[in-house]
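Just below is one structure, and these are the notes that go with it.
Counting convention: from 1, in listed order, for ligands and their atoms alike. Note that the structure is predicted; figures quoted are calculated from it, not measured.
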Amino acid sequence: MELLFEVSEQVFITLWHVLPWLAGLGVAFALLSRLSPCNKGRPWWHKRGLYTDLFYWIFASLFMRYMRIWVTVLFTMWIFHIVDGQRIADFYLHGHGPVAAVPLWLQAVLYLVIADFLLYWSHRIFHRGFLWKYHAIHHASRDVEWISAARFHPVNLALGTVAVDVTALLAGVSPDIFLFVGPFNIITSCMVHANLDWTFGPFARIFVSPVFHRWHHAMEVRDVNFASTFSLWDWMFGTYHMPEGVLPQGYGIDDTAMPEGLMPQLVYPLLQKA
Ligand SMILES: [Zn+2]
Ligand SMILES: [Zn+2]
């Protein structure tokens, strides 16, 4: 009973934080997608799998918060031999070691570049072998919209964003950078999934645009455009795909057995053979 109360409380707190974001982003992308859509058709609130997307926002936010804290605490006990809760909190308050001495803005910039490089490779690995079945959930959206940005299996989150963030904290990066990096990541990941025809013109080979990431979700091509923020990585490592004057049309995966809904999707990869 107490556990149920605790979980409900955490879900409520998460909703309290997430809902204003969803409301703001929902209005912004409704207007922008109306002005310059990539694909004509339904508005985002009529997309297929809308409720699945919504539940992922709550689930992924909760999961990542706890996972980040617990993995960081475990590694702190192991590497730095600090076991007291308050001492661990103080140790990370504004970062530690030589990295914390670097100006905050530079820490934020370095984090964005290095984390994006690591996430590029993590993403590439998730497109292969047994890991694909966990990542396929992100690709299962048939209507790619800003709200699809949170659709990730916990295995994908743990070996992607969470692993990178924990590594940064262990290296000494100040958690203060997340006051800027957090909102930046939410806005950019929603923007690249939004139904927009933006290509970023001359900057297409540097920054990930909505069209660039929609090609990553397109049915007609596979294993291109893996970067999250800097398309530079794809350009450097030969996975860049931005055909001139063409826009991606159909999205999704071949697997017709992929279920809809949060819980069935979380279980689905576990039931499949490697
Ligand atoms: Zn992918
Ligand atoms: Zn995506």
Side-chain angles (χ1 to χ4, degrees), residues 22 25 29 33 37-39 44 47-50 52-57 59-61 64 115-164 184-200 204 207-231 233-235 237-242 247-255 258 260 262 265 268-269 272:
L22 292 183
L25 293 163
F29 289 117
S33 301
C38 176
N39 307 111
W44 68 259
K47 84 177 282 294
R48 288 168 284 187
L50 178 70
T52 307
D53 289 335
L54 272 171
F55 282 121
Y56 271 106
W57 274 86
F59 172 78
S61 308
M64 285 202 289
D116 203 54
F117 174 79
L118 295 172
L119 287 174
Y120 168 86
W121 285 104
S122 157
H123 192 176
R124 276 187 75 158
I125 293 165
F126 266 96
H127 270 246
R128 307 179 74 95
F130 82 100
L131 285 173
W132 164 251
K133 59 184 185 174
Y134 295 97
H135 184 61
I137 284 162
H138 182 67
H139 284 264
S141 273
R142 283 177 296 160
D143 299 314
V144 177
E145 273 289 356
W146 69 273
I147 202 163
S148 320
R151 256 187 198 244
F152 283 103
H153 194 277
V155 170
N156 202 157
L157 293 171
L159 298 176
T161 323
V162 174
V164 169
F184 176 85
N185 279 341
I186 294 175
I187 293 168
T188 50
S189 64
C190 288
M191 183 263 294
V192 303
H193 286 95
N195 182 18
L196 295 168
D197 64 355
W198 301 353
T199 61
F200 293 170
F207 298 108
V208 172
S209 66
V211 170
F212 177 90
H213 192 66
R214 293 176 88 76
W215 277 118
H216 180 68
H217 282 265
M219 282 285 252
E220 60 205 272
V221 276
R222 280 279 173 258
D223 300 333
V224 295
N225 300 1
F226 291 99
S228 306
T229 307
F230 302 106
S231 50
W233 309 128
D234 285 284
W235 189 55
F237 300 116
T239 47
Y240 184 87
H241 180 79
M242 279 289 263
L247 291 172
Q249 295 299 329
Y251 309 98
I253 49 173
D254 297 333
D255 186 357
M258 170 69 80
E260 195 50 68
L262 173 76
Q265 288 193 352
Y268 186 65
Q272 289 180 81

H138 side chain to H216 side chain, donor-acceptor N/O pair below 3.5 angstrom: no
Have a look at the Zn ion (ligand 1) and estimate, to 10 degrees, the angle subtended by NE2 (H216) and NE2 (H135). 160°
Okay, side chain of S231, backbone of F207: is any donor-acceptor separation there less than 3.5 Å? yes
Has H139 got an N, O or S atom lying less than 2.8 Å from the Zn ion (ligand 2)? no
Got D116 and W233 here, is their nearest side-chain heavy-atom distance under 4.5 Å? yes
Which atom name would you report as the N, O or S atom of H217 nearest the Zn ion (ligand 2)? NE2
Is it true that H217 and H139 have ring centroids separated by less than 6.0 Å? yes
Does the shortest distance from the Zn ion (ligand 1) to an N/O/S atom of H123 fall below 2.8 Å? yes
Check all N, O or S atoms of H127 and name the one closest to the Zn ion (ligand 1). NE2
Donor-acceptor under 3.5 Å (N225 side chain, H241 main chain): yes
